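This report refers to the structure that appears directly beneath it.
Only heavy atoms go into these numbers, but all of them, side chains included; no hydrogens, no water, no symmetry mates. Fair warning: this is a prediction, and the values are worked out from it, not measured in the lab.
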Amino acid sequence: MYYPQEPKEPSGCMQTLIITRVIFGMLALPMAIIGGAMAALVITFYTFTVSPPLALIPLAISVLAVLAFARWEQRRIQREIPKDDER
């Protein structure tokens with residue numbers, strides 16, 4: 001009589017669910033940034049249709065966000081570069 005061997009690991013979708021959750025966790029921040037940029041673009045276009053001077057508000061917020069990100073990135077890079085103590 002033939003007795004099939006039992007699988008060594010439990011079958012099911014648990015590994016697939018764990019991998020999917022990890023991938024979504026890694027992509028959450030970039031997807032939120034892309035979604036926020038698209039929302040800002042839509043709001044800017046809408047404010048242009050209402051009143052062109054009103055559109056300066058989301059444009060100014062976008063410029064300030066880019067400047068804040070650039071400053072944050074510059075500080076992060078400066079922390080990683082070893083300082084020259086030879087001077």
Side-chain angles (χ1 to χ4, degrees):
M1 187 171 239
Y2 176 73
Y3 295 103
Q5 294 180 350
E6 293 184 20
K8 294 180 182 178
E9 293 183 13
S11 61
C13 301
M14 190 55 75
Q15 290 89 1
T16 305
L17 292 174
I18 291 171
I19 291 171
T20 303
R21 184 173 180 197
V22 168
I23 298 291
F24 280 141
M26 289 171 35
L27 293 176
L29 182 62
M31 292 301 288
I33 291 171
I34 291 170
M38 293 301 290
L41 189 65
V42 168
I43 290 170
T44 303
F45 284 148
Y46 175 73
T47 55
F48 266 123
T49 62
V50 173
S51 172
L54 188 63
L56 294 176
I57 295 171
L59 288 176
I61 292 172
S62 299
V63 168
L64 289 175
V66 168
L67 288 175
F69 177 73
R71 198 173 252 188
W72 172 78
E73 188 70 19
Q74 183 181 18
R75 288 183 190 150
R76 186 185 66 83
I77 290 172
Q78 286 177 353
R79 276 184 274 150
E80 292 179 1
I81 296 175
K83 295 181 180 178
D84 294 331
D85 293 331
E86 299 174 6
R87 291 182 182 182

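- Among residue pairs with one or both ends in residues 35-82, those qualifying as ring pair (Phe, Tyr, Trp, His ring centres under 6.0 Å) are F69-W72; sequence neighbours excluded.
- Under the salt bridge (charged side-chain N to carboxylate O under 4.0 Å, His left out) criterion, the residue pairs touching residues 47-73 are E73-R76, with sequence neighbours excluded.
- For the atom pair OG of S62 and CG of L67, the computed distance is 11.0 Å after rounding to the nearest 0.5 Å.
- For I81, the side-chain contact (heavy atoms from CB on, under 4.5 Å) partners are I77, not counting sequence neighbours.
- Heavy-atom minimum distance, T47 versus P58: OG1-CG, 3.8 Å.
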Exercise. Take V63 and L59 through the side-chain contact (heavy atoms from CB on, under 4.5 Å) test and state the conclusion after the steps.
Key: CA-CA 6 Å; V63 168; L59 288 176; 5.6 Å; no
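- Using a 4.5 Å cut-off between side-chain heavy atoms of Ile, Leu, Val, Met, Phe, Trp and Tyr, M31 falls into a hydrophobic cluster with I19, I23, L27.
- Listed by chain and number, the hydrophobic cluster partners of L29 are I33, where partners are ILVMFWY side chains within reach of under 4.5 Å, directly or through others.
- Here L17 is tied to no hydrophobic group at all, with no ILVMFWY side chain closer than 4.5 Å.
- Every residue meeting the side-chain contact (heavy atoms from CB on, under 4.5 Å) condition with I61, not counting sequence neighbours, appears here in chain and number order: I57.
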